[in-house]
Amino acid sequence: MAGDHRGEAAVTARRTFARVMAGLLALSAALVVALYLVVKTLLAPLPGEWATSIRLGPVRLQASVPALLRLATAPWLAPLLDGRTVAAYNGPVHLAWQEDSQTLAARCAPCAVQAPGLGGEPVEVDELRLTVQRHGEQLNGEVSSGQVKAILHGDLSKGGLRLRLQLPMTPMADAYALFGASIPEVARARIEGRLALSATLALPGGEFSMTPQIEAFQVSGLGTEALVNARSACSEVTSRLTPESWLARAVIAAEDQRFYEHGGYDLAELGAALAQNQNIREEGRAGRGASTLTQQLAKLLVTGDERSPVRKLRELLYAVEMEQTLGKNRILRLYLAHAPWGNGICGAEAASRRYFGRPATALNPSQAAWLAAMLHNPALEAERWASTGQINVTRTQWVLMGMRALPRRQRMRLAQELEKPAPDTWKPPAVGP
């Protein structure tokens, strides 16, 4: 009998345990569902609010980005982020919460940084640090890398986040040191001058504006003085072009209208290019460039035409030194001797003889303007002419109007004449080299 009682007690205990476990599981499931519903409610984007997709365990949901930012910087939740690492497209981001100052700190090392104005590819820096404090809808903090430190301010709103970045005057050498691993010239060049920067970025739209300031930028140690007596490597015919020739004037009008005013870089043109490219980036069209003739010469002779921020930064170093070692007239002559004109044609003399059957010094203003108009996209313009027998009239007219050595009335007349068929003037390029 005692054994029967013990058996019944064991069965009862097992049943009780099973009921308790089932209740606990049901309660846990209810808590998980409740927690999910709470999180979903807290993060649910309002109509028209900036949203992103996040994963909570096996579930993916739409979340309000402003709400995520508020939670990540809230003193009651941010400590839970301390010591965690988040995988981001920039690289691994290590988070820390500084209780005394109520600051969220993030460190990305190594970190891929998008460089506005320097091309679409990111450039890698050893480390990028960010600190953020939130007071209501205002964000304040600092962005730093190496010896470069910028102040960050942000405004949260239903529609997104507007960031303002202020970099005080900083040695150019410190700025270039951030990219020392990717730019070998940094190790041997002497870089002087200072850089300051004001920038704004609106998210999620991505509208970007930037106002840079550069003081006393000088570079030495790259050896560009060796180019003083350089001859064209792409044309056997030596051109006798001078800065006063029509083609030289047309090239300046087409490619670098402030050529004689800048020191190798043109901040005004950079700002204009950034503003214009904001409007066309979604349309898939080529953006406006901001390279000076000196930067283009550096690309032709030294850095190559790889489309990357690193190449643009190297190009700038060489351009600044070339201005000091070569001077404007030599830079212009070297550019004319090496510039590409499509169909494998290189140099102004070869282009003039190929397209017009005459020396470059014998070109009239309209012919010079047509050749200069090709330089923004030589391959495309050469193909257009070969297939249609037509020139890019609009751009050529624009170049003509920029040739200030011509009286305005003459520029207007020549620009109008370009719209009329003139088979005796515009001839297809001859076959052969």
Side-chain angles (χ1 to χ4, degrees), residues 117-121 232 234-235 246-259 266 269-270 272-301 303-309 311-312 315 319 332 334-356 360 363 365-403 415 418-419 426-430 433:
L118 295 177
E121 294 296 322
S232 175
C234 60
S235 178
W246 288 123
L247 184 55
R249 294 177 186 273
V251 166
I252 290 174
E255 295 295 302
D256 190 354
Q257 295 183 5
R258 282 181 288 272
F259 175 65
D266 188 341
E269 183 62 24
L270 175 61
L274 283 172
Q276 180 173 316
N277 293 345
Q278 294 290 318
N279 300 322
I280 67 173
R281 61 183 176 179
E282 300 297 335
E283 302 172 17
R285 294 190 284 117
R288 173 174 175 171
S291 292
T292 64
L293 279 182
T294 318
Q295 289 174 281
Q296 293 182 50
L297 179 61
K299 179 175 69 173
L300 291 170
L301 298 185
T303 65
D305 58 0
E306 177 190 4
R307 297 180 63 84
S308 73
R311 191 268 293 171
K312 296 289 288 184
E315 177 186 291
L332 180 57
L334 282 171
Y335 177 82
L336 290 170
H338 290 83
W341 257 282
N343 284 333
I345 303 170
C346 175
E349 195 63 34
S352 180
R353 293 175 185 270
R354 178 76 173 272
Y355 288 105
F356 294 101
L363 293 174
S366 294
Q367 293 165 339
W370 181 77
L371 281 183
M374 293 182 68
L375 288 170
H376 78 115
N377 195 331
L380 175 64
E381 295 301 335
E383 181 181 348
R384 184 206 305 267
W385 176 243
S387 61
T388 68
Q390 299 296 319
I391 62 171
N392 187 333
V393 173
T394 301
R395 182 167 180 83
T396 307
Q397 290 173 322
W398 178 79
V399 174
L400 267 170
M401 295 306 297
M403 295 171 66
L418 288 179
E419 298 177 354
W426 306 105
K427 298 178 181 178

Might you point out which heavy atoms bring [X] and [Y] nearest each other, and give the distance in Å?
| X | Y | answer |
| --- | --- | --- |
| A372 | A254 | O-CB, 3.7 Å |
| L363 | W246 | O-CD1, 3.6 Å |
| A350 | I345 | C-CG2, 3.9 Å |

Within the structure provided, determine whether [X] and [Y] are in side-chain contact (heavy-atom separation under 4.5 Å).
| X | Y | result |
| --- | --- | --- |
| M374 | T396 | no |
| L375 | Y335 | yes |
| W370 | W385 | yes |
| W341 | R354 | no |
| P378 | P340 | yes |

Does any pair with a residue in residues 334-345 pass salt bridge (charged side-chain N to carboxylate O under 4.0 Å, His left out), and if so which ones, sequence neighbours excluded? none
Tell me which pairs pass salt bridge (charged side-chain N to carboxylate O under 4.0 Å, His left out) where either residue lies in residues 392-402, with sequence neighbours left out. E255-R395
For the atom pair CG (L247) and CG (L332), what is the distance rounded to the nearest 0.5 Å? 9.0 Å
Give a yes or no answer on whether the side chain of E315 reaches the backbone of R311 with a donor-acceptor pair at less than 3.5 Å. no
Side chain to side chain contact (heavy atoms under 4.5 Å, CB included) with F259: of V251, T294, T292, only one passes, and it is T294
Return the set of residues passing salt bridge (charged side-chain N to carboxylate O under 4.0 Å, His left out) with D256 (not counting sequence neighbours), or none when no residue passes. none
Given M403 and I252, is the side-chain contact (heavy atoms from CB on, under 4.5 Å) satisfied, shown in steps? CA-CA 8 Å; M403 295 171 66; I252 290 174; over 6 Å; no
In terms of side-chain heavy atoms, does K312 have a donor or acceptor partner in S291 at a distance below 3.5 Å? yes
Checking salt bridge (charged side-chain N to carboxylate O under 4.0 Å, His left out) for the pair D266/R258: CA distance, chi angles, key distance, verdict? CA-CA 8 Å; D266 188 341; R258 282 181 288 272; 2.9 Å; yes
